[in-house]
Protein chains: 2
Amino acid sequence: MNISELADELNLSVTTVSRALSGQGEKYRVSKATVQRVLDAAEKHHVAPDPLGAGLQRGKLGMVGLLVPDITNSFFSGLARSIELVLRKRGMTVQLCDTAEDEHCEVEVLEHILKRRLDGLILAPVGKSSERLLRALESAPFPVVIVDRIFPEITLPTVSLDNEAAGRLAAGHLLAHGHRRIACLRGDRESHTDRARFRGVQAAMQQAGLQLDPALVQGAGYTRAAGVEGAQNILSQPHRPDAVISLNGQGILGILEVAAEKNLQIPADLSVVAFDEQPWSALVKPPLTTIEQPVELIAKKAAELICEKISGTKPKQRHIVLQAVLRERKSVA
Amino acid sequence: MNISELADELNLSVTTVSRALSGQGEKYRVSKATVQRVLDAAEKHHVAPDPLGAGLQRGKLGMVGLLVPDITNSFFSGLARSIELVLRKRGMTVQLCDTAEDEHCEVEVLEHILKRRLDGLILAPVGKSSERLLRALESAPFPVVIVDRIFPEITLPTVSLDNEAAGRLAAGHLLAHGHRRIACLRGDRESHTDRARFRGVQAAMQQAGLQLDPALVQGAGYTRAAGVEGAQNILSQPHRPDAVISLNGQGILGILEVAAEKNLQIPADLSVVAFDEQPWSALVKPPLTTIEQPVELIAKKAAELICEKISGTKPKQRHIVLQAVLRERKSVA
DNA sequence: TACCCTTGCACAAACGATTGTGCAAATCTA
DNA sequence: TAGATTTGCACAATCGTTTGTGCAAGGGTA
């Protein structure tokens with residue numbers, strides 16, 4: 001049953017019913033009695049305005065898209081959960097798309113999604129997300145917010161970590177514990193996130209008067225396979241490192257796997273700091289020292305940002321940068 | 001730019017443009033030349049039919065809802081990813097809702113979602129999901145498919161694991177390895193999933209002429225906290241078990257946490273079999289022996305089922321039941 | 001009684017598509 | 001050349017809302 005049938009039943013016009021239901025009764029001088037009558041009947045018959053009709057009229061449907069590289073990654077699933085929660089509270093729904101950490105797929109998905117009518121888009125770009133693509137999004141017919149990764153030349157609003165500081169934090173922790181020969185398992189080197197984290201690591205090393213051994217900087221991607229390969233390369237060096245930093249959440253899986261293969265004890269043979277807190281971080285042996293991103297906060301900020309842009313109010317900040325915290329456990333000797 | 005502006009530019013009617021774009025040109029005798037002209041212009045101006053307009057007309061929008069108890073749980077995020085992929089290939093999009101493993105929230109979300117116009121809904125109910133709620137869904141204005149949990153009295157189509165067999169599998173494995181005093185960390189005892197798995201465990205025990213010690217059957221919920229509490233109860237028994245089965249993916253987190261606290265060595269002091277394969281299952285020490293659900297297959301079946309129901313073709317089977325596999329590693333002595 | 005102001009609602013035009021049908025012009029048949 | 005057929009497209013209704021405006025009835029004032 002739709003509101004026009006409801007109107008028939010009440011011997012009213014659709015107009016009046018619509019106004020009563022949308023709370024605009026007062027504005028349009030629908031009598032209180034009538035409003036109540038409509039409300040009661042609507043309740044009784046479980047009638048609510050069809051969002052499609054309304055959406056068509058208003059030009060908005062109350063939907064925002066959420067593009068993530070891998071919903072299976074706990075960082076992104078945490079993000080998704082919090083974003084969905086915030087948006088649902090505001091009466092909006094989330095359209096999920098998983099880009100499989102693949103540039104090509106991302107383009108495809110974006111084309112798919114650009115054809116649908118969204119009110120906004122929250123995008124967590126894949127590592128090698130092309131700037132060209134994001135350029136195109138700058139002139140999308142709806143607001144776009146980027147999370148997790150930064151592209152300096154892109155003017156779209158972003159919410160992200162202070163990755164350089166986080167990198168310093170990780171390296172600084174290892175240095176403070178006396179480690180000198182530090183390895184670094186990177187993700188995609190073309191991503192600004194990875195670069196910034198790496199810059200942070202380098203900065204901390206330099207400050208300590210040290211240099212990263214290029215042979216100990218490995219890794220090229222955010223998949224688990226890439227993590228394994230990078231870890232292999234690092235741990236097969238003749239002069240093994242005494243500590244390793246995983247610059248992303250997937251990498252640590254590779255490190256653990258390869259370390260186990262090679263029978264390396266953590267932290268006796270190898271200290272480890274891993275980016276991204278995961279549900280199991282505290283449960284492996286030894287519990288992992290991690291760099292934790294404030295996932296919920298990132299999600300909240302992103303959700304608020306997109307809402308502000310949708311409703312047209314000028315957001316206070318264009319780029320929101322949040323700080324990571326070090327969660328110290330037992331993986332650093 | 002929409003198709004009526006396109007029509008203006010080409011000096012055609014919206015009708016013709018619509019038919020050309022939708023591939024119905026032949027059927028309605030639009031000349032090939034005209035069709036091509038429309039196609040070219042559409043390409044040039046990046047015009048595609050607005051899904052809202054089309055949706056309103058057709059009564060379908062190409063969207064299916066996906067309700068999961070916890071997208072952060074790797075079982076559900078895996079499910080979400082695969083479902084989204086299958087549906088996207090068919091031109092549909094997925095609306096994600098997280099019910100936070102909370103019955104109350106689930107009702108709320110369902111009300112929220114029932115007001116939007118969906119073509120279908122894939123529901124992974126929370127543990128205590130009330131039958132009343134599902135009853136209501138039986139008469140929803142769109143098809144509904146249930147995954148992961150079974151409700152015998154509900155006629156909605158389902159895709160799920162053969163949970164009883166999976167329970168037998170887990171217990172059988174422990175029994176075959178000589179374990180006799182077996183504990184069981186349950187999830188929500190009111191959920192049919194949990195009951196079926198538990199029945200399987202009991203059956204295997206009985207077949208071996210044994211009985212579960214009621215004191216070793218603990219746990220009441222799918223949250224991590226519930227897992228910890230249950231594990232506490234199990235591992236604090238004066239007469240400790242020599243093996244424990246976690247009947248759900250969260251529970252194992254509790255077991256590992258409590259075992260570490262109590263300094264119990266796995267598998268020397270305690271053997272463990274955990275339901276649900278997780279990205280880190282192989283990486284903890286010792287690597288976990290798990291009961292793996294065929295997540296991708298479940299997702300695929302559910303997606304196909306909902307598509308069939310949406311398009312009106314009668315699905316072959318009403319209830320699809322899949323088998324789990326035991327992934328043997330090192331957590332069973 | 002004549003006039004004006006308020007109250008309470010309905011009319012009708014959008015929003016952007018799809019689809020059955022109608023109507024000319026072009027082509028064919030006799 | 002007249003009539004029948006086919007070809008190619010446009011008209012108009014429809015999906016379910018929202019919203020600016022119009023219009024009648026009721027009440028008050030002079």
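Small disclaimer: the values here were computed from a predicted structure and weren't measured. Letters go in sequence order (proteins before strands), and every chain restarts at 1.
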Under a 3.5 Å threshold, yes or no: a donor from one side chain and an acceptor from the other, between B/Glu101 and B/Thr223?
no

Going by atom types alone, do B/Tyr28 and B/Thr15 pair a side-chain donor with an acceptor below 3.5 Å?
no

Looking at D/dT18, I'd like to know if its phosphate oxygens (OP1 or OP2) sit under 4.0 Å from a side-chain N or O belonging to A/Gln24.
no

Any ion pair linking B/Arg135 and B/Glu138 (charged N to carboxylate O, less than 4.0 Å)?
yes

Under 3.5 Å: donor-acceptor pair, side chain of A/Lys60, backbone of A/Ile310:
yes

Please give me every residue in residues 53-64 of chain A whose heavy atoms get under 4.0 Å of an atom in DNA chain D, ordered by residue number.
A/Gly53, A/Ala54, A/Leu56, A/Gln57, A/Arg58

If you define the side chain from C-beta out and look only at heavy atoms, does anything of A/Val145 sit under 4.5 Å from A/Thr158?
no

Just wondering, are more than 12 heavy atoms of other shown residues or ligands nearer than 6.0 Å to CD in A/Glu308?
yes

Hey, could you give me each pair passing salt bridge (charged side-chain N to carboxylate O under 4.0 Å, His left out) that has a residue in residues 18-34 of chain B? Not counting sequence neighbours.
none

So, A/Gln293 side chain and A/Phe75 main chain: donor-acceptor pair closer than 3.5 Å or not?
no

Rounded to 10°, the angle between the first-five-pair and last-five-pair axes of the helix from C/dT1-D/dA30 to C/dA30-D/dT1 is 60°

Any side-chain to backbone donor/acceptor pair from B/Arg149 onto B/Pro125? Under 3.5 Å, distance only.
yes

May I ask you to test the A/His46-B/Glu111 pair for a side-chain heavy-atom distance under 4.5 Å?
no

Provide, to the nearest angstrom, the distance between the CD atom belonging to B/Glu26 and the P atom belonging to D/dG8.
11 Å

Looking at B/Val14, is its backbone amide N or carbonyl O close enough to the side chain of B/Ser18 to form a donor-acceptor pair, meaning the two atoms are under 3.5 Å apart?
no

Nucleotides bounding contact with chain A, strand DNA chain C, heavy-atom threshold 4.0 Å:
C/dT7 to C/dG16

Mind listing the residues from residues 32-52 of chain A sitting with a heavy atom below 4.0 Å of DNA chain C? Number order is fine.
A/Thr34

With a 3.5 Å distance limit and no angle check, can you tell me whether B/Glu5 reaches the backbone of B/Asn2 through a side-chain donor-acceptor pair?
yes

If each of A/Met1 and A/Arg19 is mapped to the nucleotide of DNA chain D with the nearest heavy atom, which maps nearer the 5' terminus, i.e. the 5' end?
A/Met1

So, the side chain of A/Asp119 versus the backbone of A/Gly62: is there a donor-acceptor pair under 3.5 Å, distance only?
yes

Residue pair A/His45 / A/Glu9, side-chain donor-acceptor N/O under 3.5 Å:
yes

Strand-adjacent residues in residues 7-18 of chain A, judged by heavy atoms under 4.0 Å from DNA chain C:
A/Asn11, A/Leu12, A/Ser13, A/Thr15, A/Thr16

For the pair made of CG in A/Leu21 and C1' in D/dG16, what is the distance, rounded to whole Å?
13 Å

Check whether A/Thr99 reaches the backbone of A/Val68 with its side chain - one donor and one acceptor, N or O, closer than 3.5 Å.
yes

